[in-house]
Amino acid sequence: MNLTTEYILKNLALDNKKEYPVEKSKDNKNVIRICKDEKQIYIGSKYSVNRDIDKLLEELKDINNETIIIIFGLGTGEHILKILENTKYNKIVIFEPDLSIIKTFINTKYSKDILESERFVLVNYTAEKCREVLDNIVTETEANNVRILSYANYNQIFNEEFEEFFKVCIDIIQKCIVNIGTEIYFSKKMIEVYLSNIKNLISGKPINCYKNVAKNVPAVVVSAGPSLSKNIHKLKAAQDEFIIICGARTLKPLLDIGVTPDYVCIIDPDDISFDFIKECENHSATMIYCEVSNFKTVDSYKGHKAIFKESSVFGNLTYKLTENNIDGLWHGGCVAHICMSFARYLGCNTIIFIGQDLAYTNNKQHDDKADFDGSNNKKIEEENNNIYVEDIHGGKVLTSRVLNFYRKNFEEYISRVSDIEFVNATEGGANIKGTKIMTLEESVNNYGKGVKKDVPTLGDFKGFNKEIIIDNLENIYSDLKNIDKSCEKYLNNIKDILKKNAKFNTKIIKLLNRIKVNNKKIQEIEILNSLINPTLNSIVSNPEYRENEKDTDEEKIKKIMEQTKIIYNEVVEGIKYLNPMLDKLIDELKEGEKNE
C-alpha cells in the first residue's frame with residue numbers, strides 16, 4: 001500500500017459513515033447509488049459502466065509511462081481496476097469528496113487489490129488535503145506530464161468541489177512551472193552569487209544565533225505595497241514595542257521617517273537590492289541573507305550579517321563545505337515570506353503585515369516611497385496575466401498571477417501555523433485568509449501596549465573554519481575534473497553507437513551500467529547539478545525522450561543515448577564554466593589566509 005494512502009485511511013473517521021447501496025449495472029458492473037440533496041443519484045451510468053470507463057481510457061490513450069493520472073472520483077473503483085490493468089508504471093491519484101463512497105468502496109471484494117498497489121493513492125478530498133498531497137507528488141520535472149480527469153458524472157454531482165479541485169491542481173502545476181522558469185533564468189547567476197558569498201559566509205554568522213531571541217515579542221513585517229504610505233509613519237512612535245523586519249526596498253523609507261528596523265532580509269540575486277540599499281548610511285539593522293542573495297549587497301553592508309540556508313537550489317552543499325548546520329527559513333517566492341518566516345524563527349508570537357497589498361491598489365505596483373525604479377509609471381492593464389481577487393473590504397482588486405501566487409503561499413503557511421497570530425494592517429490590497437484585518441493603530445494598541453522590546457544579541461559562535469572550506473572546495477574541483485574526463489569518454493562511445501545504429505547487445509548493457517555509475521557521481525556534486533538541472537528538467541519533460549511500452553529495445557536505447565548525449569554535453573560545458581571560478585575562489589581564500 002502506498003504510504004500516503006495508508007496514512008490517510010488510518011486518519012479517516014469512517015465508523016459513523018453509512019454505506020451506499022451497490023447495484024449491478026446493465027453490463028454487470030458495480031455502480032453506487034447515493035443520496036444527495038434528497039435525490040437518489042447514480043455515480044455514472046446504471047446502464048453501462050463500461051461506457052464511462054471507456055470514455056476515461058480514451059482520455060488516457062496518449063499518456064506515457066511517467067504520466068501522473070489525477071482523477072476526481074472513486075465510485076466503486078471499477079475504472080481504477082481497468083487503469084491499473086492497462087498501465088504498468090503510472091501513479092494514479094484519486095480524490096474522493098464523499099467519505100461514505102470511500103467506505104462503500106473499501107467493502108467491495110476487489111478493493112484490497114487496488115489499495116495494495118504502490119501506484120495507487122487515495123485521498124479524501126478537501127482543498128487543503130489536495131494541495132498538500134499534490135505538492136509532494138507533482139515535481140518540476142512532472143508538471144508538464146499530468147493528466148487531470150473527472151470520472152463519469154462526478155463533475156456534475158459535486159460541481160463546486162470539482163471546480164475547486166481543478167483550480168488547486170492548476171495552481172500546483174503553475175507553481176512547478178514558475179519554479180522551472182526561475183531555475184532556468186537564474187542557474188548561472190545563482191552559482192556566481194553562491195561562490196562569491198562564500199567569502200561573506202566566512203566572516204558572518206548563521207541565523208542559528210537568533211533562534212527564539214525575541215520570544216513572545218510582536219513583529220511588524222514592512223513590505224512595499226501601494227498602501228504603505230497610509231500608515232508607515234505610525235511606526236515611529238511604536239518602534240520600540242515591536243521587532244521590525246523589512247526587505248531591501250523598504251529599508252530607506254523606514255530610515256527616512258526615523259524608524260530603524262531590527263532586521264533587513266535580502267534574497268534577490270540580482271543587483272536591484274544593492275540599488276535600494278546603497279544610499280542607506282544607517283547599518284544598525286542586522287542583514288539576514290542566504291547563499292544566493294546578491295553578493296554586492298551583502299558585501300557592501302557594514303552592519304551585522306547572518307546567513308540562512310536556501311536549500312532549494314544547492315541542497316546540502318553549504319553543510320558539506322562548512323561542516324556546520326545552518327538553519328533554513330520557509331520561502332514562498334518573495335522576500336516578505338522570508339521576513340514572516342524569520343519573525344517566527346525569532347520566537348515572535350504576533351506578526352503584523354503593513355504594505356502587504358499583494359495587488360495593484362490604486363493602479364500602482366509599489367508605494368511611491370518605495371518606487372526607486374519607476375515601476376509605478378508602468379501602465380497596469382487588465383490582461384491575461386492579471387486577475388481580480390477579493391480585497392480586504394470584500395470587494396475586488398486587480399492583481400497579477402505572480403502576486404496571487406505569493407498570496408496563496410501566505411495563506412498556506414498561515415493555515416499550518418497555530419502558535420502565532422497573524423494581522424493584516426496593510427489597510428488596502430488583497431485579502432489574506434487566516435489574518436485578522438485591523439488598522440495599524442488598532443494593532444499597536446492591541447499588541448504593543450506595555451511590551452518593552454529587548455534588542456536581541458548574537459549567540460556564541462566561533463566562526464566558520466576557513467581551512468575546512470578550502471579543503472572541501474579543492475575536493476569539488478578535483479571531482480569535477482574526473483567527471484569531465486569520464487563524460488568525454490562516454491560521449492565518444494555514444495557517438496559511435498548512434499552512428500552505427502547499433503543493436504541491443506551485451507556491450508551496450510555494460511556501457512549503460514557504467515553510465516549509470518557515472519550519473520550517480522554527477523548527482524553527488526550539488527553545485528554542478530544546480531547548473532545542469534534546467535537542461536535535465538527540460539529533457540525529462542520532453543515527450544520525444546519518454547519511453548513508451550510500444551518502444552522496441554533499439555528505440556529505448558536510442559532515447560537513452562540521445563538523452564545522455566545532451567546531458568553530458570551540458571555537464572562538460574558546465575565544468576568549463578565552473579572550474580575557473582572555483583580555482584579563483586580557492587586562490588583568493590588562500591591568499592586571504594596569508595594576509596591574516
Side-chain angles (χ1 to χ4, degrees), residues 62-69 86-91 117-119 137-146 180 183-184 187 315-317 320 475-579:
D62 59 344
I63 64 171
N64 53 68
N65 291 337
E66 287 81 36
T67 303
I68 297 174
I69 302 168
N86 284 17
T87 60
K88 290 182 180 179
Y89 309 105
N90 302 85
K91 187 164 283 186
S117 171
E118 271 291 328
R119 296 195 285 128
I137 289 175
V138 181
T139 65
E140 280 85 352
T141 55
E142 294 154 336
N144 289 320
N145 196 18
V146 175
I180 291 172
E183 191 178 39
I184 290 170
S187 60
N316 292 315
L317 179 58
K320 289 176 181 176
N475 289 337
I476 291 172
Y477 185 82
S478 175
D479 289 342
L480 286 171
K481 283 197 163 185
N482 291 332
I483 288 294
D484 186 46
K485 289 177 184 176
S486 59
C487 285
E488 290 281 13
K489 180 180 75 175
Y490 292 130
L491 279 169
N492 289 328
N493 294 147
I494 291 167
K495 186 179 178 181
D496 284 344
I497 288 170
L498 291 174
K499 186 178 180 180
K500 295 173 182 176
N501 215 6
K503 299 291 183 184
F504 189 69
N505 55 38
T506 307
K507 185 179 177 181
I508 288 178
I509 291 173
K510 287 180 179 178
L511 175 62
L512 288 174
N513 286 333
R514 290 197 298 271
I515 287 173
K516 190 175 180 180
V517 172
N518 194 55
N519 290 347
K520 191 174 180 182
K521 290 178 181 177
I522 293 171
Q523 288 169 7
E524 290 169 356
I525 307 176
E526 288 180 85
I527 195 164
L528 179 59
N529 280 320
S530 66
L531 194 60
I532 66 171
N533 273 343
T535 300
L536 186 60
N537 286 337
S538 65
I539 289 171
V540 171
S541 60
N542 188 336
E544 185 181 342
Y545 299 115
R546 290 187 191 129
E547 285 187 30
N548 295 306
E549 291 181 19
K550 295 176 183 178
D551 286 346
T552 63
D553 286 339
E554 283 71 26
E555 286 170 332
K556 288 177 183 177
I557 290 298
K558 186 176 179 182
K559 286 181 179 181
I560 292 170
M561 293 300 177
E562 290 286 1
Q563 283 185 53
T564 306
K565 183 177 76 171
I566 295 170
I567 294 168
Y568 278 15
N569 276 320
E570 191 72 17
V571 168
V572 170
E573 288 303 311
I575 291 170
K576 283 180 185 176
Y577 172 76
L578 273 172
N579 273 351

Can you give me the closest heavy-atom contact between Asn529 and Gln523, atom names plus distance? ND2-O, 2.6 Å
For Lys320, all residues meeting side-chain hydrogen bond (donor to acceptor under 3.5 Å, both in side chains), sequence neighbours excluded: Glu526
Looking only at heavy atoms, the pair that brings Asn90 and Asn64 closest together is ND2-O, 2.7 Å
Can you name the residues that form a side-chain contact (heavy atoms from CB on, under 4.5 Å) with Lys507, not counting sequence neighbours? Asn505
d(Ile69 CD1, Ile63 CD1) to nearest 0.5 Å is 4.0 Å
Approximate separation, where rounding is to 0.5 Å, of Ile532 CD1 and Ile566 CD1: 12.5 Å
Go through the steps for Lys576 and Glu573 under the test salt bridge (Lys or Arg N to Asp or Glu O under 4.0 Å), then give the verdict. CA-CA 5 Å; Lys576 283 180 185 176; Glu573 288 303 311; 3.6 Å; yes
Considering all heavy atoms of both residues, which atom of Val571 and which atom of Cys487 are nearest to each other, and what is their separation? CG1-SG, 3.8 Å
Could you walk me through whether Ile515 and Asn493 satisfy the side chain to side chain contact (heavy atoms under 4.5 Å, CB included) test, starting with their C-alpha distance in whole Å, then the side-chain angles of each, then the deciding distance to 0.1 Å, before giving a yes or no? CA-CA 10 Å; Ile515 287 173; Asn493 294 147; over 6 Å; no
Applying side-chain contact (heavy atoms from CB on, under 4.5 Å) to Ile509 and not counting sequence neighbours gives Phe504, Asn513
Can you name the side-chain hydrogen bond (donor to acceptor under 3.5 Å, both in side chains) partners of Glu488, sequence neighbours left out? none
Sequence neighbours excluded, the answer for side-chain contact (heavy atoms from CB on, under 4.5 Å) partners of Asn579 is Tyr477, Leu480, Lys481, Ile575, Leu582
What residues, two or more places apart in sequence or in another chain, satisfy side-chain hydrogen bond (donor to acceptor under 3.5 Å, both in side chains) together with Arg119? Thr87
Residue pair Asp479 / Leu528, side-chain heavy-atom distance below 4.5 Å: no
Kindly give the heavy-atom pair with the smallest separation between Met561 and Ile508, and that separation in Å. CE-CG2, 4.2 Å
Run the side-chain contact (heavy atoms from CB on, under 4.5 Å) test against Ser486 and tell me which residues pass, sequence neighbours left out. Ile483, Tyr490, Asn518
Listed partners of Lys485 passing salt bridge (Lys or Arg N to Asp or Glu O under 4.0 Å), at least two apart: none
Gap between atom CD1 of Ile522 and atom CD of Glu524 - 0.5 Å precision: 10.5 Å
Chi angles and distances behind the side chain to side chain contact (heavy atoms under 4.5 Å, CB included) call for Lys516, Lys520: CA-CA 6 Å; Lys516 190 175 180 180; Lys520 191 174 180 182; over 6 Å; no
Audit row: Leu512, Ile557, side chain to side chain contact (heavy atoms under 4.5 Å, CB included) steps and yes/no: CA-CA 9 Å; Leu512 288 174; Ile557 290 298; 3.5 Å; yes
Could you state the interatomic distance from OG1 (Thr67) to CG (Asp62), rounded to the nearest 0.5 Å? 8.0 Å
For Leu491 versus Lys565, what's the shortest heavy-atom pair and its separation? CD2-O, 3.6 Å
Determine the minimum heavy-atom distance between Val572 and Asp484, stating which atoms define it. CG1-OD1, 3.7 Å
For Asn519, all residues meeting side-chain hydrogen bond (donor to acceptor under 3.5 Å, both in side chains), sequence neighbours excluded: Tyr568
